Every structure is written in structure tokens, then in C-alpha cells.
Amino acid sequence: MDAFYLPDPENPDRFHSTDLTRGPWSPDAQHAGPPSALLGHVIERCAPRDGFRIGRVAVEILGPIPIAPLTAEARVVRPGRSVELIEATLSSDQGPVMKANAWRLRSADPELDLPAEVLPTGTRPGPDHASGSARFPSMQPVGFHTAIEYRFISGSFTDPGPAVCWIRLRYPIVAGTTPSPLERTLAAADSGNGVSAVLDWDRYVFINTDLAVTLHREPVGEWVCLDAATYPERTGVGLAESRLFDEKGPIGRSTQTLFLSRR
């Protein structure tokens, strides 16, 4: 295995899932990070336009994503001169398992003359400042947790509460390609509820039903940082929110709606 997905040589919309996509909840289901990134992969290749980039992606998780061949398709549903909407669907042989909407926006050229005081600022200590790579608490020998690298600046998987964690892909999302900044961010952002978990992994389930990522700047480099916090409620609904950074500074935000229950 050298990637999360292998392209089908006979169908450009078909991708074969590898064991690297496996998530922590079931040995037969994927972590939502890789398929979210796969949707980003096809979204960026949908009728590409020079001078445009993706500003926001909202992913809806329709059910468990099997470790099986998947069909990923995207189309422009709302064209525009400056802003357009792209819709993408990820399906198994049994039907859709994920959907996404993405806003693609025209970049200002030349760049806008904005006052420095209104621009986003701030950094987080880089991945080199972490104590070392952290291992995800999973009983599976191979999966998403072995295909990426976690480095905590604060918090940990076993220390409940907010956390600052850098994440890097060890493999490409699609074999034969280099992960784009959007793919890297989508794959990392889905770990917000995991790195900032406040509930006992052995007693509770806290599965996200969606992932929304807004990027005000395109990330650079291999690492994406999540400054994440989880907000649970006794009603069984929670929220995970992450401020996103690269090594140069802030790049955006992500949110996840959580379904909470006892195991």
C-alpha cells in the first residue's frame, strides 16, 4: 500500500480503498478524513479555472464508509463569474456514502490593499517543538492512524480536553498524485474531535456527522495544525471546533457536529 486510494485504470471516477483508510470505530469502515480528502481531490479537478480556489468545503457523512471501491463524482451546480458552487458525491456499490458542497472563489489580482491590522495573525509552535510523534489509540494494526503523523504541542489522546496538534500525511490520498493543500487540510481537520476528545474512549462514542472547513488562505507545507476543542452536551449532541494553522500562521477554521452515546 502506497496510498489511501488506488485509481481504477478503466474508470477515472472509480477508486479502490486501501487498508490505510480504516478508522477507529470499526475494522470494516473508513475514518472520515481520507474520503473527505478524496472528495476534495475530485472537487479541485472539476472544470478547473485559473485564478480560482476553494474557499469552503462542507461534507455530509451519510453513513459508514466501507473499505471498498468507491465512485467519486463532482459537477458545477451554480456557475458564476466570481463565485461558483461545486457538488460532489462519494458512492459505494450500495449507494451514496458522502456528499459535499464547495464554494470556489476568484482570487483578487492584484491583491487587495487591506490594512495590516485587519489581517489574521498568530502562530502556533511548529511540529519540531512537539515532544514526539503520538500514536492514535486504536486496536487495528493498520489504518488511518498508522498512515499519518500526529505531533501534540499541548494535550494528547489520553489527556481529555482542548489540544494543539500538528498532522502530516505519510502517503498520498490518491496513488500517483501529490496531496494538494486542500486534501491535506480535509484529511487533518476530521481529527478535531479525536485530538480534543473530552469523553472516555472506552465508555463513549463521539462520531461526527459532518465536516465543514473554511480556508481564508491556502495552506503551505506538509503539516496542518489543529487548535481544537470539543463541546459535549447531555442531549447527545456535541460540537468540535478547530482553528487551523500552517507553519506560517492561521489558515482557517473547521467544525464537526458530533453524535454522542454510550458504547
Side-chain angles (χ1 to χ4, degrees), residues 1-47 54 57-77 85-102 136 138-148 169-177 179-180 182-194 205-213 240 254 256-259 261 263:
M1 293 176 293
D2 60 356
F4 294 93
Y5 300 98
L6 307 178
D8 190 305
E10 298 181 358
N11 184 346
D13 297 329
R14 190 81 160 165
F15 299 86
H16 297 269
S17 308
T18 72
D19 286 344
L20 297 179
T21 64
R22 180 176 289 113
W25 308 111
S26 167
D28 303 317
Q30 298 188 32
H31 189 287
S36 296
L38 181 60
L39 285 173
H41 179 86
V42 299
I43 285 169
E44 290 187 302
R45 286 160 175 75
C46 177
I54 302 298
V57 178
V59 177
E60 310 295 341
I61 304 169
L62 305 180
I65 299 107
I67 303 175
L70 299 173
T71 299
E73 300 174 297
R75 63 190 182 101
V76 177
V77 294
L85 181 64
I86 300 171
E87 182 181 84
T89 304
L90 192 65
S91 303
S92 70
D93 291 340
Q94 283 68 51
V97 293
M98 267 187 163
K99 291 186 177 180
N101 288 322
F136 191 89
S138 174
M139 299 298 292
Q140 305 301 324
V142 177
F144 183 67
H145 62 289
T146 65
I148 66 172
L169 295 174
R170 298 182 187 272
Y171 302 91
I173 296 299
V174 176
T177 69
S180 70
L182 179 64
E183 290 174 42
R184 294 183 186 280
T185 305
L186 289 171
D190 190 71
S191 291
N193 61 321
V205 170
F206 37 95
I207 299 175
N208 58 303
T209 62
D210 57 27
L211 171 67
V213 174
S254 66
Q256 300 163 287
T257 307
L258 307 181
F259 167 71
S261 71
R263 287 192 178 276

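Since this is a predicted model, take the numbers as computed values, not measurements.
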Do Leu211 and Ile61 pass the side chain to side chain contact (heavy atoms under 4.5 Å, CB included) test, and can you show the C-alpha distance, the side-chain angles, and the key distance before you say yes or no? CA-CA 8 Å; Leu211 171 67; Ile61 304 169; 5.6 Å; no
Might you work through the side chain to side chain contact (heavy atoms under 4.5 Å, CB included) test for Lys99 and Val59, ending with a clear yes or no? CA-CA 6 Å; Lys99 291 186 177 180; Val59 177; over 6 Å; no
Could you please spell out the steps behind the side chain to side chain contact (heavy atoms under 4.5 Å, CB included) verdict for Val76 and Leu85? CA-CA 6 Å; Val76 177; Leu85 181 64; over 6 Å; no
Side chain to side chain contact (heavy atoms under 4.5 Å, CB included), that's the test. Do Val77 and Ile86 meet it? Break it down for me. CA-CA 6 Å; Val77 294; Ile86 300 171; over 6 Å; no
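Judged purely by distance below 3.5 Å, without hydrogens or angles, the side chains of Asp210 and Thr257 pair a donor atom with an acceptor atom. A donor-acceptor pair shorter than 3.5 Å can be found between the side chains of Ser180 and Glu44. No side-chain donor from either of Thr209 and Glu60 sits under 3.5 Å from a side-chain acceptor of the other.
Of all heavy-atom pairs between Pro34 and Ile173, the closest is O-CG2, 4.4 Å. Leu186 and Gly40 make their closest contact through CD1-CA, 3.8 Å (heavy atoms, listed as atom of the first residue, atom of the second, distance). The two atoms that bring Leu39 and Ala100 nearest to each other are CD1-CB, 3.9 Å, heavy atoms only. For Pro96 against Ser91, the heavy-atom pair with the smallest separation is CA-OG, 3.5 Å. Scanning all heavy atoms of the two residues, the minimum distance from Ala175 to Asp2 falls at CB-OD1, 4.0 Å. For the residue pair Ala3 and Tyr171, the shortest heavy atom distance occurs at CA-CB, 4.1 Å.
Atom CD1 of Ile54 is separated from atom OG1 of Thr185 by 12.0 Å, given to the nearest 0.5 angstrom. A distance of 5.5 Å separates CG in Leu258 from CG in Asn193, rounded to the nearest 0.5 Å. Here the straight-line distance linking atom OG of Ser191 with atom CG of Asn208 works out to 9.0 Å at 0.5 Å rounding. Atom NE2 in His16 sits 8.5 Å away from atom CG in Asn11 (nearest 0.5 Å). We find the SG-CD distance between Cys46 and Glu87 to be 10.0 Å, quoted to the nearest 0.5 Å. For the atom pair CD1 of Ile43 and CD of Glu183, the computed distance is 10.5 Å after rounding to the nearest 0.5 Å.
Put simply, the side chain of Arg170 gets close to the backbone of Ile148: a donor and an acceptor are under 3.5 Å apart. In terms of modelled atom types and a separation under 3.5 Å, the side chain of Thr21 and the main chain of Ser17 share no donor-acceptor contact. Side chain of Arg22 to main chain of Asp28: no donor-acceptor pair is present (N/O by atom type, distance under 3.5 Å, no hydrogens or angles).
At a threshold of 4.0 Å, the pair Asp13-Arg45 does not count as salt-bridged, since none of the basic side-chain nitrogens sits closer than that to a carboxylate oxygen.
The one candidate from Leu62, Leu70, Ile65 that meets the side chain to side chain contact (heavy atoms under 4.5 Å, CB included) condition with Met98 is Ile65.
Counting only heavy atoms from C-beta outward, the side chains of Leu20 and Val142 approach each other to under 4.5 Å. Residues Asp19 and Ile67 meet the side-chain proximity criterion, which asks for heavy atoms closer than 4.5 Å. The shortest side-chain heavy-atom distance between Val57 and Leu182 falls under the 4.5 Å cut-off. Contact annotation: the side chain of Phe15 never approaches that of Asp8 to less than 4.5 Å [non-hydrogen atoms, C-beta and beyond]. Residues Pro7 and Arg14 are not in side-chain contact: their nearest non-hydrogen atoms beyond the backbone lie 4.5 Å or more apart.
Ring orientation note: the planes of Phe144 and Phe4 are tilted relative to one another, at an angle of 30° to 60°.
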